[in-house]
Amino acid sequence: MTVCLLLLSAVALTAAVPVPRALTRAAWAEREPVVALWVWQCLVATVLLCCLTALVLGAAAVFHTVRAQVFAPAPPAVTEAYDLSAAPVWAAVLTLLLACGAAWTGAMLARELVEARRRRGLTRAHLRERAPDLPAARGPLLVLEDEYPDARWLPGHPPQLVVTTGALHRLTALQLDAVLAHERGHARAHHDWLLHLSTALATGFPRIPLFAHFCDQTHRLVELAADDAASRRCGHLTTALALIELNQHRGVLSCDSSRRLLGERVDRLLAPPPRLGRRRRALTTTVAALVPLLPLLITFAPGLTALA
């Protein structure tokens, strides 16, 4: 059991500190934002699984009741292989820290979901006040009378696409199609759930590099992925022009840090980088999917060895 905890701790620390720092500097992520999002999710899943399995093993070693429940269906040889009776003091301290971390993670996730639901409720109530007599106010598409050009997808049940008349006047028909394809790309990939998860983890553990980088990169990569969805349908130039028209009043090409992502998106659309080869995409996706199995392999290895 001690070896398992040490290995799980080593894997979690490696995945939480040096790997995300290297991943943020990887140039291929901009070329394949969907694959990069998948890699980030697998990396986060690896750390969370390391913590969860270490918590279960530590609790089984410290508390006899937990041990009886976890190893109830296992034969005696499997229980003996983990050597749970000889738990060091540091294992009890680690278990306590992991339990507090799990409770804090659950609280942050619950808080983020409650806040997101409250914001959606306020936004929908505001829309109903602005368009109380329109049947479209409750439909999948709502056009608002507003000179401010804007288009956004509101998640929820049912999801709703809101477009202002300012956007309709400023955009051509093809550019409007690109904007709609961009927002549908967000909705189809459920980017809102990914943003909620990354925000909750970064809020709860701001000093852990993995969660901080995961939040920053998720907000960036979901926009790049939606841009790619729009450009595949309407073309890169049309999507870039639509992005400029919608954000021209915000200074899309300025050097301000809050506008930098918009400038990067426009540059990327005007000069699209080449995609990775199909074989490399498949290899990266497969390797990333196998990484979260490592903590499970470490956890079950003593039991499988005993059975063998």
Side-chain angles (χ1 to χ4, degrees), residues 23-40 140-155 159-192 194-195 198 213-278 280-281 284:
L23 189 56
T24 55
R25 295 191 294 266
W28 65 266
E30 184 178 346
R31 300 165 61 185
E32 293 292 343
V34 175
V35 177
L37 281 171
W38 172 250
V39 172
W40 278 105
L141 177 63
L142 174 62
V143 178
L144 287 180
E145 186 70 32
D146 194 338
E147 294 181 358
Y148 187 86
D150 194 14
R152 62 187 184 276
W153 189 271
L154 298 180
Q160 192 173 46
L161 179 63
V162 181
V163 182
T164 64
T165 54
L168 297 179
H169 294 154
R170 189 181 289 264
L171 301 175
T172 65
L174 193 56
Q175 290 172 358
L176 182 60
D177 285 341
V179 172
L180 298 181
H182 176 98
E183 298 302 330
R184 290 195 186 103
H186 284 310
R188 192 177 298 113
H190 301 286
H191 285 161
D192 56 315
L194 195 54
L195 292 172
S198 63
H213 290 310
F214 178 49
C215 183
D216 294 338
Q217 291 299 311
T218 297
H219 282 77
R220 174 174 175 267
L221 292 173
V222 295
E223 295 299 335
L224 300 185
D227 287 343
D228 288 347
S231 61
R232 283 193 296 268
R233 179 180 176 86
C234 304
H236 290 89
L237 180 58
T238 301
T239 305
L241 292 175
L243 185 61
I244 292 174
E245 288 294 335
L246 276 182
N247 297 277
Q248 198 172 33
H249 57 289
R250 304 172 186 168
V252 61
L253 301 180
S254 69
C255 297
D256 185 75
S257 59
S258 61
R259 312 288 186 249
R260 193 172 301 161
L261 177 57
L262 290 172
E264 291 178 0
R265 291 168 59 191
V266 172
D267 292 341
R268 181 175 178 271
L269 288 168
L270 293 178
R275 298 191 63 186
L276 298 179
R278 182 177 300 179
R280 186 174 175 184
R281 291 200 307 270
T284 304

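Predicted model only: the values in this text are computed from it and were never measured.
- The only member of Arg31, Arg268, His236 that meets side chain to side chain donor-acceptor pair (under 3.5 Å) when paired with Asp228 is Arg268.
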Trace of the side-chain contact (heavy atoms from CB on, under 4.5 Å) decision for Leu269 with Asp227: CA-CA 8 Å; Leu269 288 168; Asp227 287 343; 4.2 Å; yes
Check the pair Leu261 / Arg220 against side-chain contact (heavy atoms from CB on, under 4.5 Å), numbers first and verdict last. CA-CA 7 Å; Leu261 177 57; Arg220 174 174 175 267; 3.8 Å; yes
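- In terms of modelled atom types and a separation under 3.5 Å, the side chain of Thr164 and the main chain of Asp150 share a donor-acceptor contact.
- Ring geometry, His191 versus His186: the interplanar angle exceeds 60°, so the pair is classed perpendicular (tilted spans 30 to 60°).
- Counting heavy atoms from C-beta on, the side chains of Val222 and Thr218 come closer than 4.5 Å.
- In terms of heavy atoms, Ala230 sits closest to Ala181 at CA-CB, 3.8 Å.
- Between Val179 and Leu171 there is a side-chain heavy-atom pair separated by less than 4.5 Å.
- If you take CG on Leu161 and CZ on Arg184, they are separated by 6.5 Å, rounding to the nearest 0.5 Å.
- Note: His182 NE2 to Arg265 CZ = 5.0 Å, rounded to the nearest 0.5 Å.
- Side-chain contact check for Val163 versus Leu144: every heavy-atom pair is 4.5 Å or farther apart.
- Rounded to the nearest 0.5 Å, atoms OG1 (Thr239) and CD1 (Ile244) are 11.0 Å apart.
- Other residues, nucleotides and ligands place more than 12 heavy atoms under 6.0 Å from the CZ atom of Arg281.
- For the side chain to side chain contact (heavy atoms under 4.5 Å, CB included) with Gln175, the lone residue among Leu243, Leu241, Leu180, Leu246 that qualifies is Leu241.
- To the nearest 0.5 Å, atom OG1 of residue Thr24 and atom CH2 of residue Trp40 are 6.0 Å apart.
- In this structure, NE2 on His219 lies 10.5 Å from CZ on Phe214, to the nearest 0.5 angstrom.
- Residue Trp38 places its CH2 atom among 12 or fewer non-hydrogen atoms of other residues, nucleotides or ligands, all under 6.0 Å distant.
- Put simply, CZ on Arg25 and NE2 on His213 are 8.5 Å apart, with the number rounded to the nearest 0.5 Å.
- Shown here are the salt bridge (charged side-chain N to carboxylate O under 4.0 Å, His left out) partners of Asp146, two or more places apart in sequence or in another chain: Arg130.
- Under the 3.5 Å distance criterion, the side-chain polar atoms of Glu183 are matched with a main-chain donor or acceptor of Trp153.
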Verify salt bridge (Lys or Arg N to Asp or Glu O under 4.0 Å) between Glu32 and Arg280, making sure each step is shown before the conclusion. CA-CA 11 Å; Glu32 293 292 343; Arg280 186 174 175 184; over 6 Å; no
